[in-house]
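These notes concern the structure reproduced below.
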Amino acid sequence: MKRFLDCNFSDMEAMNKKELLESLESSEGRILIAECSLCNDSLLPPMTNAEISAAFGADILLLNMFDVNHPHIDGIHHVPDEEVIQELKRLTGRLIGVNLEPIDTQATTIGDIQTICEGRQASVETALKAKELGIDFILLTGNPGTGVSNHTIVENLKKMKEAVGDDIVLMAGKMHAAGGKHIL
């Protein structure tokens, strides 16, 4: 198995989940993942923020605030929405992941809980939609104030694993001041 550092994009695209994880591990932590915010316009129109991240050395791109039900990336207007991920891969030569947030309806948080659209929430349906769009990995996370809990992260990972099997790499983590807390 080639180290991820030694792979070209066609090598990466041909890997299954197990091979990809082995390739990443053999690179000994020298892989850069850039989280690309989609809540702002492109920094350098007509380029996407993901293209800029790739140009500055990101090996893998993670899309934050990406709605799998209404896929759109500023800077990509010439392809149908359902092809936007494939086009971003073509433009960057990078694997693409997406943040999804497992909302805990019982969670409390400091301040108001922000409502986010269903296409950004973690569920079996959004995982399957991400797979259909060509997403390579899903990161279950929680932006501040969204009501995500560790419990819902674990529960959603189990359900998504069953639904997508070995087709998509699943990861989990929480941002600072993210999500909610249970008060007993």
Side-chain angles (χ1 to χ4, degrees), residues 1 4 12-25 31 33-39 50 59-73 80-86 88-89 94-184:
M1 177 57 46
F4 194 86
M12 295 174 212
E13 283 279 289
M15 291 180 191
N16 63 32
K17 178 181 173 179
K18 182 178 183 229
E19 293 167 338
L20 176 59
L21 292 174
E22 287 175 7
S23 179
L24 289 167
E25 184 178 356
I31 302 300
I33 297 179
E35 183 178 53
C36 304
S37 178
L38 301 178
C39 60
D59 300 300
I60 299 173
L61 302 169
L62 173 63
L63 305 180
N64 191 21
M65 305 182 105
F66 182 78
D67 182 343
V68 298
N69 292 332
H70 302 283
H72 173 77
I73 297 173
D81 286 347
E82 59 273 0
E83 295 174 19
V84 73
I85 296 299
Q86 293 306 321
L88 186 60
K89 287 181 179 185
R94 302 295 190 272
L95 297 181
I96 307 294
V98 64
N99 282 334
L100 294 177
E101 302 190 46
I103 305 303
D104 186 343
T105 57
Q106 305 302 309
T108 58
T109 187
I110 298 172
D112 295 330
I113 292 183
Q114 300 171 13
T115 303
I116 62 172
C117 64
E118 287 185 17
R120 288 183 41 215
Q121 294 181 30
S123 67
V124 168
E125 293 78 18
T126 54
L128 292 172
K129 182 65 178 181
K131 175 182 169 182
E132 182 182 310
L133 289 169
I135 295 291
D136 299 298
F137 68 96
I138 295 171
L139 175 61
L140 297 188
T141 189
N143 281 300
T146 56
V148 172
S149 69
N150 289 335
H151 173 76
T152 58
I153 288 174
V154 171
E155 290 305 309
N156 274 271
L157 276 173
K158 290 176 186 176
K159 292 175 188 173
M160 288 177 159
K161 170 71 172 140
E162 189 174 310
V164 300
D166 288 335
D167 293 331
I168 294 179
V169 174
L170 299 174
M171 299 182 244
K174 253 173 65 171
M175 293 182 184
H176 58 279
K181 59 183 178 178
H182 289 281
I183 298 177
L184 302 175

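Hydrogens, waters and symmetry mates play no part in the numbers below; they use all other heavy atoms, side chains included. All values derive from a computational prediction rather than experimental measurement.
If you take CD1 on I138 and CG on L170, they are separated by 5.5 Å, rounding to the nearest 0.5 Å. In this structure, CG on L62 lies 7.5 Å from SG on C36, to the nearest 0.5 angstrom. To the nearest 0.5 Å, the span separating CG on D167 from NZ on K161 amounts to 9.5 Å.
Taking every heavy atom of both residues into account, I103 and T152 meet most closely at O-CG2, 3.9 Å. Counting all heavy atoms, side chain and backbone alike, Q86 lies closest to L133 at NE2-O, 3.7 Å. Of all heavy-atom pairs spanning I135 and G97, the tightest one is CG2-CA, 4.1 Å. For the pair S149 and D104, the tightest heavy-atom approach, listed with the atom from each and the gap, is OG-OD2, 2.7 Å. Between N156 and P102 the shortest heavy-atom distance is ND2-CB, 3.3 Å. Pairing each heavy atom of M15 with each of S23, the nearest pair is CE-OG, 3.6 Å.
Looking at T126 and V98, their side chains never come closer than 4.5 Å, going by heavy atoms from C-beta outward. Within the 4.5 Å cutoff, the side chain of V148 has no heavy atoms near those of the T141 side chain. L88 is listed as a side-chain neighbour of L63, based on a closest heavy-atom distance under 4.5 Å. Side-chain contact between L20 and F4 is present, with at least one heavy-atom pair separated by less than 4.5 Å. When side chains are defined from C-beta on, E13 counts as touching L95, because their heavy atoms get closer than 4.5 Å. In this structure, the side chains of D67 and H72 stay at 4.5 Å or more apart for every pair of heavy atoms.
Panel note: side chain E101, backbone R120; no donor-acceptor pair is recorded below 3.5 Å.
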### Query
What do the steps show when you test L139 against I33 for side chain to side chain contact (heavy atoms under 4.5 Å, CB included), and what is the final call?
CA-CA 12 Å; L139 175 61; I33 297 179; over 6 Å; no

### Message
Working note: L100 + M160, criterion side chain to side chain contact (heavy atoms under 4.5 Å, CB included); need CA distance, chi angles, decisive distance, verdict.
### Response
CA-CA 11 Å; L100 294 177; M160 288 177 159; 3.9 Å; yes

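Atom CD of E19 is surrounded by more than 12 heavy atoms from other residues, nucleotides or ligands within 6.0 Å. Taking a 6.0 Å sphere around CD of E82, one finds it holds more than 12 heavy atoms contributed by other residues, nucleotides or ligands.
A salt bridge links E22 and K18; the closest N-O separation between the charged side-chain nitrogens and carboxylate oxygens is under 4.0 Å. E155 has a carboxylate O that lies under 4.0 Å from a charged side-chain N of K158, or vice versa, which qualifies the two as a salt bridge.
Partner of D136 under the side chain to side chain donor-acceptor pair (under 3.5 Å) criterion, chosen from K17, K89, K131: K89.
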